[in-house]
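If you're wondering where the values come from, they're calculated on a predicted model, not measured in any experiment. First the proteins, then the strands, lettered A, B, ... as listed; each starts at 1.
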Amino acid sequence: MFALCDVNSFYASCETVFRPDLKGRPVVVLSNNDGCVIARSAEAKPFVKMGEPYFKQKDLFRRHGVVCFSSNYELYADMSNRVMTTLEEMSPRCEIYSIDELFCDLTGVRNCRDLTEFGREIRATVLQRTHLTVGVGIAQTKTLAKLANHAAKRWQRQTGGVVDLSNVDRQRKLMAALSVEEVWGVGRRITKNLESLGIKTVLQLADTDIRFIRKHFNVVLERTVRELRGEQCLELEEFAPVKQDIICSRSFGDRITAYEDMRQAICSHATRAAEKLRNEHQYCRFISAFVKTSPFAHNEPYYGNSASVKLLTPTQDSRDIILAATRCLDTIWKNGCRYQKAGVMLGDFYSQGVAQLNLFDENAPRKNSQKLMDVLDRLNTEDGRGTLYFAGQGIQQKWQMKREMLSPRYTTRYADLLTVK
DNA sequence: TCTGGGGTCCTAGGACCC
DNA sequence: TCTGGGGTCCTAGGACCC
């Protein structure tokens with residue numbers, strides 16, 4: 001038996017926790033560069049579209065008195081940690097699935113207590129400790145638990161935010177009322193294809209012949225269908241598997257046209273990617289960089305390109321990664337473009353210690369590389385990111401992203417502590 | 001003027017092996 | 001007229017998730 005707990009309107013709720021004056025008002029949180037809407041409070045949901053550009057809805061927001069925030073990831077990450085710690089205390093085995101979602105294994109819990117009651121206790125505890133509200137969905141498989149969670153949210157008033165879907169008759173009743181697009185793993189494309197085959201409700205999907213699904217789709221959807229029938233195909237992943245690639249990319253606050261600015265941006269992304277790589281205790285051989293202009297600017301030609309290198313010896317040294325990334329940039333840089341976004345990607349990972357040195361590598365391994373990286377990481381952890389940085393990252397960084405409606409980092413900076421009058 | 005930033009898994013097809 | 005059969009590995013692209 002699984003439970004899926006997720007925080008209602010997570011980013012928007014993190015903002016309102018510290019702003020009781022916003023109670024009852026529509027609140028939205030925007031993506032980086034204040035680009036798109038990525039979270040909405042319950043009050044904003046009826047008339048604000050998810051994923052829509054901010055600039056297109058600005059007037060609407062003004063008319064409705066919508067309060068906007070730039071995304072404040074430092075705040076959300078800290079609030080997420082508080083929620084997850086609380087949930088992990090209450091449940092023996094957990095999987096943190098995303099910044100605001102967690103699966104619990106309730107296998108043993110079922111024997112000693114009522115699951116709905118347990119769900120309510122989870123809700124009450126998280127609410128008391130964080131002032132955030134979670135929805136809880138309970139069922140035999142992860143896919144069904146997700147569906148139960150969806151129902152808990154959709155009919156929050158009737159369900160009290162907790163739905164135990166372990167009863168098969170209840171499962172079928174709910175599935176008959178929901179359309180296939182609500183199923184975890186069924187996106188826009190598959191919804192369209194299913195509908196063209198006459199499969200519209202979740203119940204119809206669950207009752208479709210497995211061989212038919214396999215023939216028209218793939219093994220991924222087959223697993224989803226089996227899970228909807230109560231057959232467990234997905235395990236609880238208690239321990240995060242090691243990453244297979246790392247990407248650092250950003251849109252620019254203003255378009256970049258000068259090579260020097262782009263070089264700084266690529267250098268910064270490479271530095272950040274190298275930090276993440278060392279944090280994973282990995283070495284990489286594959287390094288690539290990409291640049292692109294805006295895909296939405298119809299009055300100028302689109303240009304997007306990427307280049308990559310494969311090192312002979314795996315590395316985790318920022319200097320190697322910066323060098324490789326900027327070399328990639330030099331092969332794809334084109335003058336005269338108004339660049340909107342750039343990034344660096346690392347892949348082909350090797351674990352620490354098993355990196356095989358190459359007999360013919362003309363670049364001898366750097367001396368004291370590890371010691372230097374240790375010092376770099378320690379200073380930047382203890383005294384804050386950016387304490388020690390590479391000259392190539394630049395000092396002005398006029399390409400930095402825009403965040404004009406940023407809230408204070410209430411829980412992680414003394415200077416940002418909430419003042420109570 | 002202005003449209004996010006990460007990730008995962010699977011499949012098909014090509015190159016290559018004997 | 002007619003040119004096998006069985007594999008592996010890698011990559012690009014498409015789908016999905018939050």
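- Pairs of residues two or more places apart, or lying in two chains, that qualify as salt bridge (Lys or Arg N to Asp or Glu O under 4.0 Å) and include a residue from residues 232-251 of chain A are Arg93(A)-Glu238(A).
- Heavy atoms of Leu30(A) sit nowhere under 4.0 angstrom from any nucleic acid atom.
- Between Asp78(A) and Arg82(A), at least one side-chain nitrogen of the basic residue sits less than 4.0 Å from a carboxylate oxygen of the acidic one, meeting the salt-bridge criterion.
- Of the residues listed (Arg278(A), Arg272(A), Glu275(A)), the one engaging Ser318(A) in a side chain to side chain contact (heavy atoms under 4.5 Å, CB included) is Arg278(A), and it is the only one.
- Residue contacts for Lys49(A): at a heavy-atom cut-off of 4.0 Å it reaches no nucleic acid atom on any strand shown.
- Between Tyr339(A) and Tyr303(A), the ring planes are perpendicular. Angles over 60° get that label, and only those under 30° would be called parallel.
- Within 4.0 Å (heavy atoms only), Tyr54(A) reaches no atom of the nucleic acid at all.
- Using cut-offs of 30° and 60° on the angle between ring planes, the pair Tyr76(A) and Tyr73(A) is perpendicular.
- Residues Phe10(A) and Ser98(A) are not in side-chain contact: their nearest non-hydrogen atoms beyond the backbone lie 4.5 Å or more apart.
- Among the heavy atoms of the strands, none lies under 4.0 Å from Lys192(A).
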Show, in sequence, the C-alpha distance, side-chain angles and deciding distance for Phe2(A) and Trp184(A), and conclude whether the ring pair (Phe, Tyr, Trp, His ring centres under 6.0 Å) test is met. CA-CA 15 Å; Phe2(A) 295 95; Trp184(A) 187 38; 9.8 Å; no
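- As judged by a 4.0 angstrom heavy-atom cut-off over every strand, Gln244(A) is placed among residues touching the sugar-phosphate backbone only.
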Verdict with supporting geometry, Asp416(A) and Arg409(A), salt bridge (Lys or Arg N to Asp or Glu O under 4.0 Å): CA-CA 6 Å; Asp416(A) 289 3; Arg409(A) 290 163 294 188; 3.6 Å; yes
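- Within the 4.0 angstrom heavy-atom criterion, only backbone atoms of the sugar-phosphate kind lie near Ile246(A); the bases stay farther away.
- Lys243(A) comes within contact range of the sugar-phosphate backbone alone, with a heavy-atom separation under 4.0 Å but no base atom that close.
- Counting non-hydrogen atoms under 4.0 angstrom, Lys341(A) reaches the backbone sugars and phosphates but no base.
- When each of Lys276(A) and Val220(A) is assigned the nucleotide of DNA chain B with its nearest heavy atom, Lys276(A) is the one assigned upstream, toward the 5' end.
- In summary, contact between chain A and DNA chain B, defined as any nucleotide atom under 4.0 Å from a heavy atom of the protein, begins and ends at dC2(B) to dT11(B) in the 5' to 3' direction.
- Heavy atoms of Arg338(A) sit under 4.0 angstrom from primed sugar atoms or phosphate atoms, though from no base atom.
- Comparing Asn33(A) and Glu300(A) along DNA chain B, the residue whose closest nucleotide (by nearest heavy atom) sits nearer the 5' end is Glu300(A).
- Residue contacts shown for Asp100(A) are limited to sugar-phosphate atoms, with no base heavy atom under 4.0 Å away.
- Stem list for DNA chain B (at least 3 consecutive Watson-Crick or G-U pairs, distances under 3.5 Å): B:5-18 with C:5-18.
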Before you tell me yes or no, could you show the steps for Ser369(A) and Asp317(A) under side-chain hydrogen bond (donor to acceptor under 3.5 Å, both in side chains), namely the whole-Å CA-CA distance, both residues' side-chain angles and the distance that decides it to 0.1 Å? CA-CA 6 Å; Ser369(A) 164; Asp317(A) 191 306; 2.7 Å; yes
